Amino acid sequence: LPCHDKMGVPICGACRRPIEGRVVNAMGKQWHVEHFVCAKCEKPFLGHRHYERKGLAYCENHYNQLFGDVCYLCN
Ligand SMILES: [Zn+2]
Ligand SMILES: [Zn+2]
Ligand SMILES: [Zn+2]
């Protein structure tokens with residue numbers, strides 16, 4: 001959507017629609033707060049910490065479940 005780019009309106013990386021209000025900048029893209037979600041459980045982070053792996057974002061639980069070397073209880 002070049003017309004939006006010219007106006008400087010950020011486009012959501014998930015739904016490709018312009019973002020009005022709060023913007024999440026992550027992984028080189030911009031997202032609606034409610035559309036920046038864990039790639040596994042699809043829950044929005046809503047400002048909570050996220051973990052990135054191979055261009056996808058995960059919540060702490062799923063990041064550790066999928067990629068963690070150490071049990072997160074022991075971490
Ligand atoms: Zn969106
Ligand atoms: Zn998750
Ligand atoms: Zn453990």
Side-chain angles (χ1 to χ4, degrees):
L1 296 171
C3 55
H4 283 114
D5 284 343
K6 271 180 212 156
M7 297 186 330
V9 176
I11 303 298
C12 175
C15 68
R16 309 274 164 198
R17 295 167 76 175
I19 305 169
E20 289 167 28
R22 218 173 131 202
V23 179
V24 179
N25 285 289
M27 306 193 300
K29 289 181 186 174
Q30 291 164 312
W31 313 83
H32 287 114
V33 174
E34 68 275 21
H35 288 161
F36 184 53
V37 300
C38 171
K40 182 84 177 165
C41 63
E42 300 187 339
K43 281 186 189 150
F45 300 111
L46 303 173
H48 293 289
R49 190 159 174 203
H50 72 277
Y51 297 79
E52 294 173 17
R53 183 82 164 212
K54 294 184 179 176
L56 296 172
Y58 297 91
C59 66
E60 185 175 22
N61 282 352
H62 287 120
Y63 185 86
N64 284 310
Q65 208 177 84
L66 294 164
F67 311 113
D69 308 317
V70 186
C71 161
Y72 77 94
L73 295 172
C74 304
N75 206 347

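All values derive from a computational prediction rather than experimental measurement.
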- [ ] Taking the side chain as every heavy atom from C-beta outward, state whether His62 and Cys41 have any atom pair closer than 4.5 Å.
- [x] yes

Ignoring hydrogens and angles, write down the donor-acceptor pairs under 3.5 Å from the side chains of residues 46-57, residues two or more places apart or on other chains.
unit_1 : atom_1 : unit_2 : atom_2 : d
His50  : NE2    : Glu52  : OE2    : 2.9
Arg53  : NH1    : Tyr63  : OH     : 3.3

Task: Residues clustered with Ile19, ILVMFWY side-chain links under 4.5 angstrom - done: Val23

Show me, pair by pair, the donor-acceptor contacts under 3.5 angstrom made by side chains of residues 25-35, not counting sequence neighbours?
unit_1 : atom_1 : unit_2 : atom_2 : d
Asn25  : OD1    : Gln30  : NE2    : 3.1
Trp31  : NE1    : Ala26  : O      : 3.0
His32  : ND1    : His35  : ND1    : 3.1
His32  : NE2    : Pro18  : O      : 3.3

